[in-house]
K.L.:
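To start, I am sharing the structure in question, which I have written as structure tokens.
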Amino acid sequence: MSDLLHVVSPTDLTDADRAIILSRAGVLKASDPNPVPNRLRVGALYFNPSLRTRASFEQAVRIVGGSCQTMNATSDTWALELDPDAVMDGDKVENIAEAARVLGQFFHILGVRSFRGTAPWDVERTEPVLRKIAHYAGVPIISLEGTTHHPCQGLADVMTLHETFGPDLRGLPVALSWAYHPKALPTAVPQTFLMQAALAGCDVSVVHPHGFDLDREVLDSARSEASARGGKVTVTHDRLGGLRGRRVVYVKSWGRLDRSGPTDPELRTWQMDESAMSGTDHGRVMHCLPVRRNVVIAGEVLDGPRSLVVQQAGNRMWAQAALVEHLARRQGVIP
Ligand code: CP
């Protein structure tokens with residue numbers, strides 16, 4: 001790949017990049033300035049559904065004076081073949097190699113959402129779709145949620161932590177807590193929260209049942225980043241022990257990486273409710289949304305004073321505005 005800054009993982013941003021973006025996001029949120037129209041053109045290509053990302057990303061680009069065009073790759077475009085070496089004698093009409101090159105001529109920045117595909121985890125974890133589009137488009141890519149990470153969600157999450165606990169998050173005791181869901185959900189959000197909290201130097205407790213391990217390399221990298229910043233990462237299967245004394249509990253469902261069977265319905269007891277939260281230190285609750293109310297998190301928690309979930313979602317717009325602005329300035333598209 002070239003020296004274009006593709007934001008696919010939280011670690012693609014340096015500490016300096018992150019500080020600029022988070023500071024600018026706070027300024028934009030506080031001032032809600034009238035956008036100054038500019039020539040910035042941003043595309044957003046979705047291979048999967050979205051409510052928050054789609055709405056907040058379009059508004060984010062408008063906040064910094066650009067225009068954003070959203071395309072749904074499963075209905076608005078030709079059926080895309082994602083393998084540049086494919087013999088296209090089936091139902092796919094256009095190869096990603098041409099499609100991405102064309103989109104790269106229209107847009108200065110391209111957002112892409114592409115969840116995990118059907119290949120084994122060790123292939124999918126490398127974000128093959130996002131990387132191919134980045135390769136052919138020749139413009140910076142922003143992941144709007146990939147297989148391994150959801151960096152835009154991560155920026156909004158750390159912005160929300162700053163608003164709640166101040167600018168220095170080092171040593172803050174947080175938990176990333178697995179919750180039951182009838183479907184095997186992706187691991188991008190929990191892995192990004194883990195990494196983002198580690199990059200902020202938090203003391204992160206990862207709490208999940210046996211068999212729901214996160215990606216080994218992400219975990220090792222988070223441990224190393226946390227330790228370099230005065231934090232730490234521990235993993236436990238003792239739910240109440242892992243939540244004890246935590247100031248924040250990030251609740252998230254995720255499926256087994258090896259996709260070895262459905263989630264055991266007995267794990268429904270991992271719903272986050274007031275009883276489970278009672279051992280925390282006045283713990284606040286985070287979740288990326290959408291959330292299955294009274295399955296993943298009890299309604300009483302979502303509606304109560306612990307909940308940060310709506311604030312988090314609102315911060316998506318400001319964090320993305322600052323991220324898009326940062327990349328556009330880096331490209332020399334806006335001053
Ligand atoms: N949190 C999040 O990315 O929401 P959407 O899937 O609705 O975009």
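In each ligand, atom 1 is the first atom listed, and ligand 1 is the first ligand listed. Below, all heavy atoms of this structure are taken into account, side chains as well, without hydrogens, waters or symmetry copies.
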K.L.:
Closest non-hydrogen protein atom to atom 4 (O) of ligand 1, residue and atom name please, with distance?
P.N.:
Arg52 NE, 2.9 Å
K.L.:
Quick one about Arg239 and Ser177 (side-chain donor to acceptor, distance below 3.5 Å, no hydrogens or angles considered), yes or no?
P.N.:
no
K.L.:
Quick one: does ligand 1 sit under 4.0 Å from the side chain of Leu289, the backbone, both or neither, non-hydrogen atoms only?
P.N.:
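Leu289 to ligand 1: backbone contact only, side chain stays beyond 4.0 Å.
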K.L.:
Can you name the atoms of ligand 1, numbered from 1 with element, that are less than 4.0 Å from a heavy atom of Cys288?
P.N.:
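Near Cys288, meaning under 4.0 Å from one of its heavy atoms, ligand 1 has 1 (N).
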K.L.:
Among His287, Gln271, Arg293, Glu274, which one satisfies side chain to side chain contact (heavy atoms under 4.5 Å, CB included) with Val301?
P.N.:
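With Val301 as partner, His287, Gln271, Arg293, Glu274 yield a single side chain to side chain contact (heavy atoms under 4.5 Å, CB included), made by Glu274.
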K.L.:
Going by the atom numbers of ligand 1, which of them fall below 4.0 Å from some non-hydrogen atom of His150?
P.N.:
2 (C), 3 (O)
K.L.:
Side-chain contact test, heavy atoms from C-beta onward, threshold under 4.5 Å: evaluate it for Gln69 versus Arg41 and give yes or no.
P.N.:
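Heavy-atom side-chain distance check fails, nothing below 4.5 Å.
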K.L.:
Just to verify, which of Phe212, Trp178, Trp270 counts as forming a side chain to side chain contact (heavy atoms under 4.5 Å, CB included) with Val207?
P.N.:
Trp270
K.L.:
Does a donor on one side chain sit under 3.5 Å from an acceptor on the other, for Thr14 and Asp17?
P.N.:
yes
K.L.:
Find all atoms of ligand 1 within a distance of less than 4.0 Å from any non-hydrogen atom belonging to Arg316, and give their numbers and elements.
P.N.:
1 (N), 2 (C), 3 (O)
K.L.:
Before accepting this row, confirm whether a basic side-chain N of the pair Arg229/Asp15 lies closer than 4.0 Å to the acidic partner's carboxylate O.
P.N.:
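Between Asp15 and Arg229 there is a salt bridge, with a charged N closer than 4.0 Å to a carboxylate O.
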K.L.:
For atom 8 (O) of ligand 1, state which one of Thr53, Leu144, Asp157, Val291 supplies the nearest heavy atom.
P.N.:
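Closest candidate by heavy-atom distance is Thr53.
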K.L.:
Given that the side chain starts at C-beta and the backbone is N, CA, C, O, which of these parts of Arg113 lies under 4.0 Å from ligand 1, counting heavy atoms, or is it both or neither?
P.N.:
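Looking at Arg113 and ligand 1, just side chain atoms fall under 4.0 Å.
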K.L.:
Under 3.5 Å between some N or O of ligand 1 and some N or O of Arg54?
P.N.:
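Such a contact does not occur with ligand 1.
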K.L.:
For atom 7 (O) of ligand 1, which protein heavy atom lies nearest, and how many Å away is it?
P.N.:
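The protein heavy atom lying closest is Leu51 N, 2.8 Å.
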K.L.:
Can Asp168 and Arg170 be counted as an ion pair, charged N to O under 4.0 angstrom?
P.N.:
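Looking at Asp168 and Arg170, the cut-off is met.
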